[in-house]
Amino acid sequence: MHIAVIGTGIVGSCTAAWLQRDGHRITFVDPQEAGEACSFGNAGSLSPSACLPVGMPGMWKKVPRWLLDPLGPLTVRWAYAPVVLPWLLRMLRHSSREEVTRIATALRTLLAPIFDSYAPLLAHAQAQHLVRRSGCLYVFSSRETAAQWAWGMKLRRSLGVQMRDVEQDELEALEPDLKGRFRFGILAPENGSTTDPSALVKALHAQCLADGAMHLRQRVTGFERKAGRVTAVKLDAGAPLAVDGVVVAAGAWSGRLAAALGSPVMLETQRGYHVTVQSSNLQLRHTVMAVEHNLMVNPMAMGLRLAGTVEFAGLAAEPNLARADALLAQGRQLFPHLDTSAFTRWMGHRPCLPDSLPVVGPARGADNAWLAFGHGHMGMCMGATTGREIAHLVAGRPTQVDLAPFSPERFR
């Protein structure tokens with residue numbers, strides 16, 4: 001079949017690669033180059049352990065304080081507050097212990113096969129060097145402080161995530177540059193990361209092109225349908241693209257397209273910021289999650305990346321790069337000897353649903369349309385498995401993951 005894949009981020013590129021393995025002809029439709037949107041600026045984590053949703057038990061108590069801090073871990077621009085309020089209220093509805101357990105159980109099914117799902121794609125694109133499996137350290141100022149997050153860590157372990165406690169001496173031996181700031185850690189040895197998220201996406205996309213895919217740098221405006229099937233994708237310039245099927249993997253821009261296919265969902269953009277410090281004087285061997293500061297630190301090919309804030313302001317508002325500067329200030333506080341003389345700042349749009357579960361499944365309004373978006377902070381983690389499962393759906397095969405929790409029908 002000729003399948004249009006709308007989106008050239010990690011989810012779209014992985015989905016196309018898996019579809020090509022089944023012999024389908026692929027046309028990417030995206031005005032941007034591959035790996036230049038959210039997939040460019042993420043923290044690069046490849047974490048089977050990252051199964052906890054954004055909304056956690058007791059979070060509602062912290063939200064008012066966060067919202068009063070314009071540079072805090074979660075902020076809403078006041079002009080956008082009426083738009084996002086229903087989304088936030090639904091997120092809080094999903095933050096009970098029962099809901100978090102259900103959501104984490106579902107997320108774990110997409111996260112556990114990360115490396116198995118990536119393996120054939122990386123091998124075919126000769127991109128294995130862009131992925132490492134060095135583990136992740138969750139670090140805390142003390143064991144007593146870590147107890148505040150004990151329930152979530154216990155939930156992870158109950159779902160099969162390998163985690164072990166690391167006392168101060170071992171922590172400082174594993175990561176000497178953490179000495180003096182952190183006195184307790186939890187090591188997730190199965191975790192990994194990519195040294196360059198954008199390069200990884202570009203490598204997979206380039207291999208798809210080498211295998212015969214095309215890339216139309218246009219914007220999708222709608223669909224032509226006949227007898228319950230998509231027959232063509234409408235473009236913002238030129239004639240419609242005739243297709244046998246379509247996959248919507250356009251990240252934060254997917255909501256309008258999903259609705260046009262009969263599957264409206266509560267999609268929001270959690271605007272994320274990062275700072276990449278270009279010096280190499282801080283030598284980290286693991287990805288580090290400073291839990292108290294909600295700060296992910298990942299050593300990458302281009303420098304040390306610090307990421308971890310959420311802002312609600314929609315798709316059109318200009319970035320508030322003071323939020324990136326706040327990340328840099330945190331980095332200086334945690335690592336006083338870090339050379340920050342050269343750095344870059346970035347803002348991107350994470351596509352998020354209020355229950356932290358992506359949409360992976362068939363669209364209601366067409367028998368040959370499938371949806372793959374809404375992966376939030378974990379697109380890099382879940383992209384390859386999502387692509388594999390979409391390929392199963394297109395082929396009519398049983399899926400390897402139960403996709404019921406990810407159905408767009410949950411928003412009807």
Students often mix this up, so state it plainly: with edges at 30° and 60°, are the rings of Trp253 and His349 parallel, tilted or perpendicular?
perpendicular

Applying side-chain contact (heavy atoms from CB on, under 4.5 Å), run through Tyr138 and Trp149 and close with a yes or a no.
CA-CA 11 Å; Tyr138 297 85; Trp149 287 268; over 6 Å; no

Run the side-chain contact (heavy atoms from CB on, under 4.5 Å) check on Phe373 and Val11 step by step: do they pass?
CA-CA 7 Å; Phe373 60 83; Val11 177; over 6 Å; no

Donor-acceptor pair, Ser263 side chain versus Ala259 backbone, under 3.5 Å?
no

Close side-chain approach of Ser254 to Leu267, heavy-atom, < 4.5 Å
yes

Does this structure show an ion pair linking Glu33 with Arg217, if we count only N-O contacts that are shorter than 4.0 Å?
yes

Beyond-backbone contact of Gln207 with Gln126, side-chain heavy atoms, under 4.5 angstrom:
no

Quick check: closest heavy atoms across Glu36 and Ser198, and the distance to 0.1 Å?
OE2-OG, 3.8 Å

Give me the ring orientation class for His293 and Phe182: parallel if the planes are under 30° apart, tilted from 30 to 60°, perpendicular past 60°.
perpendicular

Could you walk me through whether Tyr273 and Leu321 pass the side-chain contact (heavy atoms from CB on, under 4.5 Å) check?
CA-CA 8 Å; Tyr273 292 80; Leu321 292 178; 4.2 Å; yes

Main-chain N/O of Leu130 paired with Thr194 side-chain donor or acceptor, under 3.5 Å
yes

Kindly give the heavy-atom pair with the smallest separation between Ala252 and Thr269, and that separation in Å.
CB-CB, 4.2 Å

Looking only at heavy atoms, the pair that brings Cys381 and Leu111 closest together is CB-CD2, 3.5 Å

Using the side-chain contact (heavy atoms from CB on, under 4.5 Å) rule, pick out the option among Thr386, Leu371, Thr385 that qualifies with Val360.
Thr386

Do the non-hydrogen side-chain atoms of Arg285 and Glu175 ever get within less than 4.5 Å of each other?
yes

Any carboxylate oxygen within less than 4.0 angstrom of a Lys/Arg side-chain nitrogen, looking at Arg388 and Asp116?
no

Okay, side chain of His215, backbone of Asp30: is any donor-acceptor separation there less than 3.5 Å?
yes

To check you understand the geometry: which heavy-atom pair defines the closest contact between Val166 and Phe184, and what is its length?
O-CD1, 3.5 Å

The test is side chain to side chain donor-acceptor pair (under 3.5 Å); show your working for Thr287 and Asn298 and say whether it passes.
CA-CA 5 Å; Thr287 301; Asn298 191 10; 3.3 Å; yes

Below 4.5 Å, heavy atoms only, C-beta onward: do Leu204 and Ile10 meet side chain to side chain?
yes

Under a 3.5 Å distance rule, please check whether Arg156 uses its side chain to pair with a backbone N or O of Ser49 as donor and acceptor.
yes

Just verifying a value: how many Å separate Arg332 CZ and Thr340 OG1, rounded to the nearest 0.5 Å?
3.5 Å

Is the backbone N or O of Ser141 less than 3.5 Å from a side-chain atom of Glu292, with the two atoms forming a donor-acceptor pair by type?
yes

With a 4.5 Å limit on heavy-atom distance, are the side chains of Leu216 and Phe28 in contact?
no

Just how far is it from atom OG1 of Thr195 to atom CZ of Arg305, taken to the nearest 0.5 Å?
10.5 Å

Please report the interatomic distance CD(Gln330) to CZ(Phe335), rounded to the nearest 0.5 Å.
10.5 Å

Value for CE (Met378) from CG (Asn42), rounded to nearest 0.5 Å, stands at 12.0 Å

Pairing of Arg90 and Glu268 as salt bridge, 4.0 angstrom limit
no

CE of Met1: more than 12 outside heavy atoms within 6.0 angstrom?
yes

If you round to the nearest 0.5 Å, how far is CZ of Arg183 from OG1 of Thr145?
10.0 Å

Main chain of His24, side chain of Asp22: is a donor-acceptor contact present, judged purely on distance under 3.5 Å?
no

Determine whether a donor-acceptor pair (N or O, by modelled atom type, separation under 3.5 Å) exists between the side chain of Asp196 and the backbone of Ala301.
no

Quick check: closest heavy atoms across Met163 and Arg157, and the distance to 0.1 Å?
O-NE, 3.5 Å

Decide if atom CZ of Arg225 counts as having more than 12 heavy atoms of other residues, nucleotides or ligands within a radius under 6.0 Å.
yes

Considering all heavy atoms of both residues, which atom of Ala4 and which atom of Val29 are nearest to each other, and what is their separation?
CB-CG2, 4.4 Å

Go through it in stages, so that I can follow the logic: the residues are Val277 and Asp339, the test is side-chain contact (heavy atoms from CB on, under 4.5 Å), and I'd like the CA-CA distance, side-chain angles, deciding distance and then a yes or no.
CA-CA 8 Å; Val277 179; Asp339 175 8; 5.8 Å; no

Heavy-atom side-chain contact between Pro358 and Leu107 under 4.5 Å:
yes

When you check the side-chain N and O atoms of Asp177 and His337, is any donor under 3.5 Å from an acceptor?
yes

Would the distance check show the side chain of Arg323 and the main-chain N or O of Val310 forming a donor-acceptor pair, the cut-off being under 3.5 Å?
yes

Measuring from Arg271:CZ to Cys38:SG, what's the distance to the nearest 0.5 Å?
12.5 Å

Is a salt bridge present between Arg143 and Asp165, judged by a nitrogen-to-oxygen distance below 4.0 Å?
yes

Going by heavy atoms in the side chains, are Met300 and Thr276 under 4.5 Å from each other?
no

pair Arg102-Leu357: side-chain heavy atoms closer than 4.5 Å:
yes

Any side-chain to backbone donor/acceptor pair from Asn294 onto Gly308? Under 3.5 Å, distance only.
yes

Can you check whether Phe312 and Trp87 have ring centres sitting under 6.0 Å from each other?
yes

Side chain of Arg410, backbone of Ser407: donor and acceptor closer than 3.5 Å?
yes

